Amino acid sequence: QVQLQESGPGLVKPSQTLSLTCTVSSGSITTSGYDWSWIRQPPGKGLEWMGAITYRGSTNYSPSLKSRTSISRDTSKNQFTLQLSSVTPEDTAVYYCVRVDSGSYYEYDAWGQGTQVTVSS
């Protein structure tokens, strides 16, 4: 079974760039038919899809976050990375990396455990 693990700093200062890495095991990020997404959940709010990178390396982003979001990958390490620039306290959330099955109506079929990121000075 594929496993995902988020890693990165839990505290980021306002105006800085948030950077998180998702390490994938028991599965390859280059396997056909899957997208690799970042989702977040601010305190007291619902899940928000941020963006994704496909198995081919192309990216898609939420319109509300596109201007300051970048997703990249390192296939040699089987990792993909989220960068969110110019952060504010509104970006405080639990961040998840997720596998998306593009052959099953884009089901979120595997999740990381989530990592808390707090934006504060």
Side-chain angles (χ1 to χ4, degrees):
Q1 185 72 40
V2 64
Q3 296 181 0
L4 296 81
Q5 177 68 61
E6 304 91 346
S7 62
L11 181 64
V12 183
K13 294 182 178 180
S15 81
Q16 300 299 308
T17 296
L18 181 160
S19 183
L20 297 173
T21 296
C22 183
T23 300
V24 178
S25 60
S26 300
S28 173
I29 62 174
T30 61
T31 297
S32 299
Y34 295 102
D35 299 341
W36 304 88
S37 295
W38 287 97
I39 296 171
R40 68 180 183 179
Q41 185 170 33
K45 299 182 179 180
L47 296 169
E48 178 185 21
W49 179 80
M50 302 182 69
I53 187 165
T54 73
Y55 70 96
R56 294 182 294 182
S58 60
T59 55
N60 293 288
Y61 302 106
S62 169
S64 64
L65 297 170
K66 184 176 182 178
S67 65
R68 58 192 186 99
T69 303
S70 179
I71 298 173
S72 58
R73 67 179 184 173
D74 185 337
T75 58
S76 69
K77 297 181 179 179
N78 212 34
Q79 296 176 331
F80 62 103
T81 298
L82 169 72
Q83 292 188 313
L84 182 67
S85 65
S86 303
V87 298
T88 74
E90 298 289 330
D91 295 309
T92 294
V94 177
Y95 286 75
Y96 300 90
C97 54
V98 182
R99 187 176 74 171
V100 181
D101 186 351
S102 62
S104 184
Y105 301 99
Y106 296 93
E107 176 189 10
Y108 300 158
D109 69 351
W111 294 66
Q113 66 181 2
T115 186
Q116 172 71 45
V117 178
T118 299
V119 179
S120 176
S121 61

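In this text, all values refer to a predicted model and were calculated from it rather than measured experimentally.
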Chemist: Decide yes or no for Asn78 and Thr23: does some side-chain heavy atom of the first lie under 4.5 Å from some side-chain heavy atom of the second?
Modeler: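 Not in contact.
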
Chemist: Would a single hydrophobic cluster contain both Tyr61 and Ile53, if residues Ile, Leu, Val, Met, Phe, Trp and Tyr are joined by side-chain heavy-atom contacts under 4.5 Å?
Modeler: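 Linked within one cluster.
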
Chemist: Can you list everything that forms a ring-ring contact (aromatic ring centres under 6.0 Å, His included) with Trp111? Sequence neighbours excluded, please.
Modeler: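 By the ring-ring contact (aromatic ring centres under 6.0 Å, His included) rule, Trp111 matches Tyr96, Tyr108.
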
Chemist: Not counting sequence neighbours, which residues clear side-chain hydrogen bond (donor to acceptor under 3.5 Å, both in side chains) with Ser58? List them please.
Modeler: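 Checked Ser58 against side-chain hydrogen bond (donor to acceptor under 3.5 Å, both in side chains); matches are Thr54.
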
Chemist: For Ser72, check side-chain hydrogen bond (donor to acceptor under 3.5 Å, both in side chains) against everything at least two apart and list the hits.
Modeler: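 Once residues adjacent in sequence are excluded, Ser72 has no partner under the side-chain hydrogen bond (donor to acceptor under 3.5 Å, both in side chains) criterion.
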
Chemist: Keeping to residues at least two apart or across chains, list the salt bridge (Lys or Arg N to Asp or Glu O under 4.0 Å) pairs with something in residues 4-25.
Modeler: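 Matches after skipping sequence neighbours: none remain.
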
Chemist: Going by side chain to side chain contact (heavy atoms under 4.5 Å, CB included), name the residues that satisfy it together with Thr75, two or more places apart in sequence or in a different chain.
Modeler: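 Applying side chain to side chain contact (heavy atoms under 4.5 Å, CB included) to Thr75 gives Ile29, Thr30, Arg73.
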
Chemist: Taking only residues two or more places apart in sequence or in another chain, which ones pass side chain to side chain contact (heavy atoms under 4.5 Å, CB included) with Ser25?
Modeler: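 Counting only residues at least two positions away or on another chain, Ser25 forms a side chain to side chain contact (heavy atoms under 4.5 Å, CB included) with Gln3.
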
Chemist: Over all heavy atoms of both residues, which pair between Tyr106 and Ser102 is shortest? Give the atoms and the distance, please.
Modeler: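 Looks like CE2-CB, 3.7 Å.
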
Chemist: Give the other cluster members for Tyr105, using side-chain heavy-atom distances under 4.5 Å between Ile, Leu, Val, Met, Phe, Trp and Tyr residues; answer none if it is isolated.
Modeler: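 Under the 4.5 Å side-chain rule, Tyr105 groups with nothing.
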
Chemist: Which residues satisfy the side-chain hydrogen bond (donor to acceptor under 3.5 Å, both in side chains) test with Ser64, sequence neighbours excluded?
Modeler: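 Checked Ser64 against side-chain hydrogen bond (donor to acceptor under 3.5 Å, both in side chains); matches are Ser62.
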
Chemist: Mind checking side-chain hydrogen bond (donor to acceptor under 3.5 Å, both in side chains) for Thr92 and listing every partner two or more places apart, or none if nothing turns up?
Modeler: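 Thr92 satisfies side-chain hydrogen bond (donor to acceptor under 3.5 Å, both in side chains) with no residue once adjacent residues are dropped.
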
Chemist: Quick one: do the Asp35 and Ser37 side chains pair a donor with an acceptor below 3.5 Å?
Modeler: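 No pair is found: no donor N or O on one side chain lies under 3.5 Å from an acceptor on the other.
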
Chemist: Quick one: which residue pairs count as a salt bridge (Lys or Arg N to Asp or Glu O under 4.0 Å) with a foot in residues 80-102, not counting sequence neighbours?
Modeler: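 Sorted result for residues 80-102: Arg40-Asp91, Arg68-Asp91, Arg99-Asp109.
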
Chemist: From Leu82 CG over to Leu18 CG, what is the distance, rounded to the nearest 0.5 angstrom?
Modeler: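 Result: 6.0 Å between the selected atoms.
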
Chemist: Counting C-beta onward and ignoring hydrogens, is there a side-chain heavy-atom pair between Leu20 and Thr81 closer than 4.5 Å?
Modeler: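 No - every pair of side-chain heavy atoms lies 4.5 Å or more apart.
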
Chemist: What pairs of residues pass the disulfide bond (SG atoms under 2.5 Å apart) test when at least one of them lies in residues 31-88, not counting sequence neighbours?
Modeler: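 Of all non-adjacent pairs touching residues 31-88, none passes disulfide bond (SG atoms under 2.5 Å apart).
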
Chemist: Hydrophobic clusters here meaning ILVMFWY residues chained together by side-chain heavy-atom distances under 4.5 Å, can you tell me if Tyr34 and Met50 are in one?
Modeler: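 Tyr34 and Met50: one cluster.
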
Chemist: Would you say that Pro14 contacts Ser121 through its side chain, given a criterion of any heavy-atom pair below 4.5 Å between the two side chains?
Modeler: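 In short, these two side chains touch, coming nearer than 4.5 Å.
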
Chemist: Please name all residues satisfying ring-ring contact (aromatic ring centres under 6.0 Å, His included) with Phe80, sequence neighbours left out, ordered by chain then number.
Modeler: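 With sequence neighbours excluded, Phe80 shows a ring-ring contact (aromatic ring centres under 6.0 Å, His included) to Trp36, Trp38, given in chain and number order.
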
